Amino acid sequence: MTPSLGPGSPWSDLERPPLNAASLRRALVRPGGLWTALDIVPATGSTNSDLSVRAASLPEGAVLVAEEQTAGRGRLDRSWSAPARSGLFFSVLLKPDVPVARLAWLPLLTGVAAATGLARAAGVDMALKWPNDLMVKVGGEERKAGGILAERAGDDGIVVGLGLNVTLREEELPVPTAGSLLLANAVSTDRDPLLRAVLRSLERWYGRWTAAAGDPAASGLQEAYAAGCATLGRTVRAELPGDRTLTGEAVAIDGDGRLVVAPPGGRREPVGAGDVVHLRPVD
């Protein structure tokens, strides 16, 4: 049977086929595993919002994927949108039994997991910009290809959302500083194996981290994040709450997941919230 190619069909752009929900469930949802359910919707405003509303009635490990996200949210209430089936837009429900102070590591953990999984599945070196951006190189230029947002959901839940540009073409980029796996010359832009790779990597890292009671050092997470973090070693400007800015060299990620900035001639200061701008590349 030939699929419909009408304007409302998921096959209207043959270079962007729909995800295969049945195949993904067979590969990812299994007894004893982290992922307990996987649903795909044609379009939604925000997978984070949708999953948060249902969090109290769902077990840990629920995954919600959207083929198109029309009102996706990033940090600082920034919007995130892209053409249908051009990326991976999904959220997961986690209920980690770890000290509250260590929950700040979840977005960083997700970044490590995504970068690790995509390096294998897409053949792309992905760097992490503290605290939640996924960066790729396009023509030697560093560009943002994805972002992560973690939000509280109910009494014990955390919803972690990830948006990743996969097949966005140059003319489709929302801003010139955006990128995609396609533009970074990925060896594969097939979204099914890419999503499997990211979720399997996230399951492994989450298992290690929770088994260590959220300890970033004991689980190896702190070392892995620092190794892949493009922010370290650079001069940065941190735009902090209260209209304050801090400029200096990003020198470390501390045990609480904060970025440690060393101003010229000043004391090192950990930054836990705010926006960070890279001012110069690593030498």
Side-chain angles (χ1 to χ4, degrees), residues 13 15-20 24 28 35 38 40-41 43-48 51 63-75 78-92 106-138 142-151 159-170 172-175 177-203 205-206 225 228-230:
D13 186 341
E15 293 184 3
R16 292 172 173 164
L19 292 164
N20 187 324
L24 288 165
L28 296 165
W35 309 122
L38 188 148
I40 299 176
V41 295
T44 191
S46 163
T47 55
N48 259 33
L51 202 53
V63 182
L64 179 63
V65 187
E67 293 283 27
E68 182 179 15
Q69 192 167 233
T70 58
R73 293 174 289 113
R75 290 179 64 250
R78 292 176 179 141
S79 61
W80 179 282
S81 62
R85 303 178 305 282
S86 67
L88 294 176
F89 319 113
F90 68 92
S91 298
V92 301
L106 266 178
L108 282 68
L109 182 153
T110 304
V112 169
T116 304
L118 291 168
R120 289 194 296 265
V124 168
D125 287 331
M126 183 165 282
L128 305 169
K129 177 176 178 286
W130 186 91
N132 72 332
D133 289 346
L134 303 169
M135 313 295 289
V136 295
K137 286 286 185 71
V138 178
E142 193 175 64
R143 297 194 192 180
K144 178 179 175 178
I148 297 158
L149 180 66
E151 300 178 294
V159 169
V160 182
L162 187 148
L164 176 72
N165 295 332
V166 177
T167 60
L168 235 63
R169 306 160 187 131
E170 194 76 45
E172 295 174 316
L173 297 176
V175 292
T177 54
S180 69
L181 298 187
L182 176 70
L183 295 175
N185 298 317
V187 297
S188 172
T189 56
D190 185 336
R191 293 181 306 141
D192 280 77
L194 296 181
L195 181 56
R196 288 197 302 269
V198 172
L199 287 174
R200 284 171 174 160
S201 182
L202 180 53
E203 181 174 9
W205 275 106
Y206 183 71
Y225 189 87
C229 183

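Only a predicted model underlies this, so the values are computations on that prediction, with no experimental measurement involved. In this chain, numbering begins with 1 at the start of the sequence shown.
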Inter-residue atom distance [X].[atom1] - [Y].[atom2], 0.5 Å rounding:
| X | Y | atom1 | atom2 | answer |
| --- | --- | --- | --- | --- |
| L88 | Q69 | CG | CD | 11.5 Å |
| L19 | I40 | CG | CD1 | 4.5 Å |
| L28 | W35 | CG | CH2 | 8.5 Å |
| K144 | T177 | NZ | OG1 | 8.5 Å |
| E142 | M135 | CD | CE | 4.0 Å |
| L118 | D125 | CG | CG | 11.0 Å |

Would you mind reporting whether [Y] and [X] have side-chain heavy atoms less than 4.5 Å apart?
| X | Y | answer |
| --- | --- | --- |
| L181 | M126 | yes |
| L38 | L199 | yes |
| L164 | L194 | no |
| E172 | S180 | no |
| L128 | L134 | yes |

So which atom in [X] and which in [Y] form the shortest heavy-atom distance, rounded to 0.1 Å?
| X | Y | result |
| --- | --- | --- |
| P193 | A121 | O-CB, 4.2 Å |
| A82 | E68 | O-CG, 4.1 Å |
| V187 | G123 | CG2-N, 3.9 Å |
| P107 | I148 | O-CD1, 3.7 Å |
| L183 | R169 | CD1-C, 4.3 Å |
| L109 | W205 | CD1-O, 3.8 Å |

* Asked: Tell me the side-chain hydrogen bond (donor to acceptor under 3.5 Å, both in side chains) pairs involving residues 182-202, sequence neighbours left out?
  ->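 Checked against side-chain hydrogen bond (donor to acceptor under 3.5 Å, both in side chains) - neighbours excluded - the pairs reaching residues 182-202 are E67-R191.
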* Asked: Do other residues, nucleotides or ligands put more than 12 heavy atoms under 6.0 Å from N20 CG?
  ->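 Correct, the count exceeds 12.
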* For side-chain contact (heavy atoms from CB on, under 4.5 Å), just list the numbers for L168 and L173, CA-CA rounded to whole Å, side-chain angles, deciding distance to a tenth of an Å, and then say yes or no. => CA-CA 7 Å; L168 235 63; L173 297 176; 3.8 Å; yes
* **Derivation of the side-chain contact (heavy atoms from CB on, under 4.5 Å) call for L64 and V159** => CA-CA 10 Å; L64 179 63; V159 169; over 6 Å; no
* **Polar side-chain atom of N165 near backbone of G179 as donor-acceptor pair, under 3.5 Å** =>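 Checked: pair present.
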* Asked: Taking only residues two or more places apart in sequence or in another chain, which ones pass salt bridge (Lys or Arg N to Asp or Glu O under 4.0 Å) with E203?
  ->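 With sequence neighbours excluded, E203 shows a salt bridge (Lys or Arg N to Asp or Glu O under 4.0 Å) to R30, given in chain and number order.
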